[in-house]
2 protein chains.
Amino acid sequence: MLKVPGFPDSAPMPPSPSAQALHSAGKRTGRADTDTARCLMCKVREYNLCSSIEDQDVAVLAHATRQVSLPPGTAVIEEGTPASAFFNVINGTVKLFESLPDGRRQITGFADAGQFVGLSNSRTYSFGAETVSTVLLCRCTHTQIENLLGEYPRFAHHLLSAVTHELADAQEQMLLLGRKTAKEKVASFLLDRIKQYQRTHPHDPDAQTTASVPMTRVDIADYLGLTIETVSRTISALRRDKVISGTENHCIRILSLPNLQDIAYGLKSI
Amino acid sequence: MLKVPGFPDSAPMPPSPSAQALHSAGKRTGRADTDTARCLMCKVREYNLCSSIEDQDVAVLAHATRQVSLPPGTAVIEEGTPASAFFNVINGTVKLFESLPDGRRQITGFADAGQFVGLSNSRTYSFGAETVSTVLLCRCTHTQIENLLGEYPRFAHHLLSAVTHELADAQEQMLLLGRKTAKEKVASFLLDRIKQYQRTHPHDPDAQTTASVPMTRVDIADYLGLTIETVSRTISALRRDKVISGTENHCIRILSLPNLQDIAYGLKSI
DNA sequence: CGTAGGGTTGACGACGTTCAACACAAGTGG
DNA sequence: CCACTTGTGTTGAACGTCGTCAACCCTACG
């Protein structure tokens, strides 16, 4: 990929946008003048694409966007529907996926706070997106995004950098899906979740040993190209081997990060 | 992903760049004034990123690039080396891959004529690239690409569109790797090769029934997350079932495109 | 109290891998 | 010119990882 300097590796993840659902469902917050304040005080302003719009121009951004709050399990984007909107995730986690006609599904990524979803090159979305937890989204039409791209070269640059980053993530995930064993897949996934936790909880002293796993076993399985039974068995095995602990399903403690890393990259023969 | 209008779906594929090898190996062609003509007459000019630079400005492009010809099996980019260059593929096919420490390898994509390789967001390349056939590349440093991005908004727009397109391809490949059977994987791969043949041979009357497969079974296996034996067996089975024919390994004739499509998307129970 | 959703565990089997032998073509050197 | 090697591909047999099917536990909820 192309190196896009000035915007190092703090960028978003996989793409995925919203549909009609977001017009009817979801409560909008903010309005008119107060919108500018909403953007300036946004929890993820400094971490996401919006940081490339200066404070003095933030009114433009505020005018172009609307916030929506969605409960867990809500469709944000339906596969194959017309592509019209773009979303920044302010809070919570969104899953992106592609499906086969018979219902088999592959989750291509999770977008956490600070990341975006909804880029599309074609008339329709080639993927679906659904909330994993309660999610706060910032919605923007593609038309508005295009205006921003034209007006603010830094914004275009930042977006290119972010998409390039996502592509690199996708390539690493292909390595996982095509060449890793079930144990290596689960270990890699937990490492990703630790990194994610560190990003969103930079001051938590336990960040080195905590993985936040808000998604269900079904989602993990669809993300790793496994079945729920294999995911469950593998996590149990990691617990038995004292690599991880924690009785709670959605918050896992890491007992040995080095071991987990060795497993993830196939260096552990066991 | 974001829709980037004005640059529909004619864009490149996966990324992958060049390294020091390209300075020592490979013969440069063109020089000084004649470079402009080289760019204007370039076989892929209208299909790739360069089309976003107007003819009148093509001297800039010519000045920024150098052509290199490489024999099959040459490393273009070594995983983990400093990311400094970007390549347009003018002729031939380049494979992009990621590896595990023990040598397991996943090919993340093939870049054919008109596509590019070498985008990177970080200091080093996270992937490797190697020629499949004899390849003619157009090399450009990242610094020069950045200059073009700054000078020509259309170029930036086009690149964003291309990377977005690659991301969509990557997501579809994740579905293949995580959820398809061996037979579905091979059928999907052949469909991609047919599309690729149609793109590069738009006037060939046999384009509906021809798949060009320049890569070896090893490469196909590493692309589909299978072993060479399984690839070989599956292709033999497709031949037995009269879905494809052809005794030659690198040029496959399609006997029934509908059947092949049904298999690729899991609609064929057989 | 009954039901539904999420998760765990066991028994069994299939799909794809591993191991191995073989075929064929191209290149190399005696 | 022919033996030998090397790279690529095919095919068979045995094995093993992971998927399938099923039973069960637990919590939440009406």
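Letters go in sequence order (proteins before strands), and every chain restarts at 1. All figures in this text were calculated on a predicted structure; none of them were measured in a lab.
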Practice problem: Not counting sequence neighbours, which residues clear salt bridge (charged side-chain N to carboxylate O under 4.0 Å, His left out) with A:Glu229? List them please. | Solution: none

Self-check item: ring-ring contact (aromatic ring centres under 6.0 Å, His included) against A:His250, all qualifying residues, sequence neighbours excluded
Solution: none

Self-check item: Any residue meeting side chain to side chain donor-acceptor pair (under 3.5 Å) with B:Lys195, in chain and number order, not counting sequence neighbours
Solution: none

Quiz item: So what is the end-to-end bend of the helix from C:dC1-D:dG30 to C:dG30-D:dC1, with 5 pairs used at each end and the value given to 10 degrees?
Solution: 20°

Self-check item: side chain to side chain donor-acceptor pair (under 3.5 Å) against A:Glu79, all qualifying residues, sequence neighbours excluded
Solution: A:Ser99

Quiz item: Once each nucleotide of nucleotides 25-30 of chain D is scored for protein heavy atoms under 4.0 Å, what B/S/- sequence comes out, 5' to 3'?
Solution: ------

Quiz item: Would the A:Phe97 and A:Phe127 ring centres measure less than 6.0 Å apart?
Solution: no

Quiz item: Who passes side chain to side chain donor-acceptor pair (under 3.5 Å) against A:Thr200, sequence neighbours left out?
Solution: none

Quiz prompt | Residues B:Gln196 and B:Arg193: side-chain donor-acceptor under 3.5 angstrom | solution = no

For residues 210-220 of chain B, which side-chain N or O atoms pair as donor and acceptor with protein atoms under 3.5 Å away, sequence neighbours left out?
from, atom 1, to, atom 2, distance (Å)
B:Thr210, OG1, B:Asp206, O, 2.8
B:Thr210, OG1, B:Arg253, NH1, 3.3
B:Thr216, OG1, B:Val218, N, 3.3
B:Thr216, OG1, B:Asp219, N, 3.3
B:Arg217, NH2, B:Asn249, OD1, 3.0
B:Asp219, OD1, B:Lys95, NZ, 3.0
B:Asp219, OD1, B:Arg105, NH2, 2.9
B:Asp219, OD2, B:Lys95, NZ, 3.0

Exercise. Select base, sugar-phosphate, or nothing to describe what A:Gly73 touches, counting heavy atoms under 4.0 Å on all strands.
Key: nothing

Self-check item: Spacing between A:Leu226 atom CG and C:dG16 atom C1', to the nearest angstrom
Solution: 15 Å

Quiz item: Between D:dC18 atom P and A:Lys185 atom NZ, what is the distance in whole Å?
Solution: 8 Å

Quiz prompt | Between D:dG9 (C1') and B:Glu248 (CD): distance, integer Å | solution = 13 Å

Exercise. May I have the distance from A:Arg179 (atom CZ) to C:dG16 (atom C1'), rounded to whole angstrom?
Key: 11 Å

Exercise. Could you list the residues that satisfy side chain to side chain donor-acceptor pair (under 3.5 Å) with A:Ser188, not counting sequence neighbours?
Key: A:Lys180

Quiz item: Taking only residues at least two apart or on different chains, which pairs with a member in residues 171-195 of chain A satisfy ring pair (Phe, Tyr, Trp, His ring centres under 6.0 Å)?
Solution: A:Phe189-A:Tyr223

Practice problem: Summarise how protein sits on nucleotides 7-14 of chain C as a single string, 5' to 3': B when a protein heavy atom is under 4.0 Å from the base, S for sugar-phosphate-only contact, - for no contact. | Solution: SBBBB---

Quiz item: Who pairs with B:Glu172 by salt bridge (charged side-chain N to carboxylate O under 4.0 Å, His left out), at least two apart in sequence or on another chain?
Solution: none

